Each structure stands twice: as C-alpha cells, then as structure tokens.
Amino acid sequence: MTISIHPTSGAVDPTFVASSTLAGAGEAQAIDAPAATSALLGNYKRAPGEFVSGEGVYLIDANGKRYLDFVSGIAVNALGYGDPGLRAALHSAADGLIHTSNLYATAPGEQLAATLVEKSFASKAFFCNSGAEANEGAFKFARRWARTRGEAKHEIVALRGAFHGRLFGTLAATDRPSYRIPFRPLAPGITIVERDIEDIAIALNDETAAALILEPVQGEGGVRVLDPGFVREVRALTKERDIILIFDEIQCGLGRTGTLFAYEQFGVEPDILTLAKPIAGGLPMGAILMTDDIAATIKPGDHGTTFGGGPFVASIANYVVGRLADPELLRTVSDNGAWFGKQLTDIAHRTGRIRAVRGMGYMWGIDVMGTAAHVVNEAFAAGLLTCSAGEYTVRLVPPLVATRDELALGLSKLEEVL
Ligand SMILES: Cc1ncc(COP(=O)(O)O)c(C=O)c1O
C-alpha cells in the first residue's frame, strides 16, 4: 500500500481527485440516519439524535452524551460553545438595534468594514448573509469592473474540485456533478478548469475573462492546500491579463490556517476576497472585500441586500473578528496545526488505514480506506464529530480554541475508529 501524504501540497493521487469530485456523496455530514418524521424538507441527511447544548469543544445530545466536535458547525464555530465573551457580545448587541435596513448607516457595520480593511489588502467591504451570497456578489462586482474594460469581458473561471456555493452562479462554479446535474442548465459564462497553470493559461482569454475564483485551501473538494507556487503563477497570470483574482476564504479564512487570512500563507494578494462561516459566531453573515479599483466601478443600485451587515450581526462579527485576529490565537492554531498534521501522519503509518493526509492549521482531510461515511459514522458512535469532504475524505475542522489536549483526545478516538 502506498501512503501518499502531502501535508501542505494540493498535489495528490489524481484518482482521489477524480473520485472525490465525481462521487457526489452528498452532504458534508454523511451519517446514515433513519428517515425521521419531520415537517422539514428532506434535503439533508442528518445524524441520529438531537443536540441540545454545547460546552467548550463539546456538543451534548438530549441523552447527555458528549461529542468532541471536530466539525464546528462546518468551520463556523471557531470559538466553540458557550464562549463567555461571545455570550456577553450577544447580550449587549440585543440591547441595541437589530435591524434598520441598508437605507441607513449604523456604526457596527462601519466599524467591521474598517477593521477588515485595516487588516487586509482591501479598501472596501460589502456585507451579506452567507457564503454563496458572498461569492454571487463577488461575481457581480467582478463583472461590473470587467465591463469597464470591454463589452465581452464577462467569464468567471473556477478550478477543478471547487466548491463555491449552491445558488445559480455559484453552483456553476462548483465542481460536484451530483450537485449540478439535477439543476441544469446552469448559469452561463462560468467554467471549470483543471488546477494546472497551462490549462488556466489557455482558458483565460484577456478579452473575455473577468475573473478567476479559487479556494486557497479547497474545503468540500477534499481539503486540498493549493501549491503556493501554483497560486503565485495564477496571480501573475491574472495580473498580466487584467483579470480579477477572487479568493474564496469562506471556509479557510479568518484564522483557520493559522493566519487571519489564508492568502497570507501564499505570499500573494487577491483582488476580491469572500468570507462567511465563522465571521459572526454562528449568525448568518458573509463579506466581500475588494480593492479600490473594483469598488470604484460599483454605483448605488448595482447590488444590495435587506439584511446584510445589520447592526446586530455586525456587532457580533466585530467581537468575533477581534478574537480571531489575536496573534496569540493564530500562533497557537499554527503550532498546534503543524503538530496535528504530524500526528495524523503517524496514525496513517500505525494503522495503514489512511492513504493521504492534507491540510494546515485547524483544517485537515484524510483519505481513508473504504468510505469517509463509514469512518464518520463510527466516530460519531465513539463521541467524535467529523464530516466528509467527498466520498473518501474525512474532514477535521475543530474549533480554533481547541487545546492540544483536546486535539489529542480527538486523534486517539479517531485512531481507535480507524
Ligand atoms: C469555500 C466555500 N465557499 C462557499 C460556501 C458556501 O457557503 P454557504 O453555505 O454559507 O452558502 C462554502 C460552504 O461550505 C464553502 O466552503
């Protein structure tokens, strides 16, 4: 058996790329549960039981069973559960305005934009309500900018293995056949190319391409850390051809890789960056950061949202972003993350049940023997929450506040299960 272990590289056995891409295994949570009697739409495959509370890095079900959470609400609950600071921020925000609409300015959104701009490459921020919505907005902003360069400049290019959301524009940029096929025809003007600089060079026509979007660490596509050299080549090419580079950091951003933004790990800056998941501590929020050049092409009326960046959610995001930008937290994520990857590699060698280990910070994927769903189910029974990222990859995204002891406990449960 060959163990192809690539701690920081996206270059993996292509059969795994193909299988995880084509598998269409369905939801990130792949636990087999009996069909429940519910008035809720049956579009999720849910785990058995019901969670009723959380404490630190544990979720607790209705029977009092504690689950060590290496899912974090799919990379949302960076501060875990019951964080006293987050609770205080929620109480204090509840005493203020909840919503006014974007017809009026409110201070929390202004402050959040200023913080994100100050800490990033960007000059302007726009707030919305989810990850897919952030990417849809990014596509619109890229097109708006591109049209100032030429009437034909409109195409959006995404990469093999990408996941950018499930709305119509983002679905067309998402490389998961089972998500796409039932909804064809998808939005036109959006194509997927291989993660190969020569293929990209052919696909990116400077007269027709508006933007290329990539996840520096592909999440749903199997936790694939893109090769930094490749990312730099993409940056150079897009700059040379006057094409916008969008980084989707919805899953890998805001501390998860060990820096506030994942792009800091790659030595390049994008033109647009999208964020969501952890930004508001579990409340729905997305953000689009962009350069001045792009922002200057957006006029009142070009885009909008009723709820985006409202005072309540933005107050919470101010608190969360402050915590996630803490250099000490980021250093711990970075150090513990490197240690975690090494432990996974050791487990791979000890058990012979892992074919590849990929990731950085608190974002890891292991390609397992057999299906990911099987491991996810067994881990669930053993009190460890994990989720899949494709048919063969088990994803591990613990809260960013998880200590090394808590990580070690999860790893020992995982090893037992394997
Ligand atoms: C990289 C990435 N982009 C976009 C999305 C879509 O985000 P949302 O589910 O909030 O629409 C996700 C969600 O998993 C994601 O991981």
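Both counts, for ligands and for their atoms, begin at 1 and track the order of listing. Since we're looking at a predicted model, the values are computed, not measured. FYI, side chains are in, hydrogens and waters are out, and symmetry mates aren't considered; it's all heavy atoms of this structure.
Ranking protein heavy atoms by distance to atom 16 (O) of ligand 1, first place goes to Q251 NE2, 2.7 Å. The closest protein non-hydrogen atom to atom 11 (O) of ligand 1 is A132 N, 2.8 Å.
Residue contact check for ligand 1: R166 places no non-hydrogen atom closer than 4.0 Å to it. Not a single heavy atom of I74 sits under 4.0 Å from any atom of ligand 1.
Cation-pi geometry between R176 and F163 is not satisfied (NZ or CZ under 6.0 Å from the ring centre, within 45° of the ring normal). Taking the centre and axis of the six-membered ring of Y392, the NZ or CZ atom of R355 falls inside the cone set by 45° and 6.0 Å.
For atom 9 (O) of ligand 1, no protein heavy-atom neighbour is present inside the 4.0 Å cut-off.
Every atom of ligand 1 with a heavy atom of K277 under 4.0 Å away is listed here by number and element: 13 (C), 14 (O), 16 (O). Interface of N135 with ligand 1, defined as ligand atoms under 4.0 Å from a residue heavy atom, comprises 3 (N), 4 (C). Residue-ligand proximity, E220 to ligand 1, at heavy-atom distances under 4.0 Å covers atoms 14 (O). Listed by atom number, the atoms of ligand 1 under 4.0 Å from E215 heavy atoms are 1 (C). Every atom of ligand 1 with a heavy atom of I250 under 4.0 Å away is listed here by number and element: 2 (C), 3 (N), 4 (C), 5 (C), 12 (C), 15 (C). Those atoms of ligand 1 with a heavy atom of D248 less than 4.0 angstrom away are 1 (C), 2 (C), 3 (N), 4 (C).
The shortest N or O to N or O distance between G131 and ligand 1 is below 3.5 Å.
Counting heavy atoms under 4.0 Å from ligand 1, residue T170 does not touch it at all.
Formation of a donor-acceptor pair under 3.5 Å by the T297 side chain with backbone atoms of D293 is not found in this model. With hydrogens and angles ignored, the 3.5 Å screen pairs no side-chain donor or acceptor of T238 with any backbone N or O of I244.
In this structure, F139 has no ring-ring contact (aromatic ring centres under 6.0 Å, His included) partners at least two apart in sequence or on a different chain. Scored by the side chain to side chain donor-acceptor pair (under 3.5 Å) test, R241 finds no partners at all (sequence neighbours excluded).
The aromatic rings of Y263 and F121 sit perpendicular, their planes meeting at an angle over 60°, well past the 30° parallel limit. Ring geometry, W364 versus F340: the interplanar angle falls from 30° to 60°, so the pair is classed tilted.
In K65, the NZ atom is crowded: over 12 heavy atoms of neighbouring residues, nucleotides or ligands sit closer than 6.0 Å.
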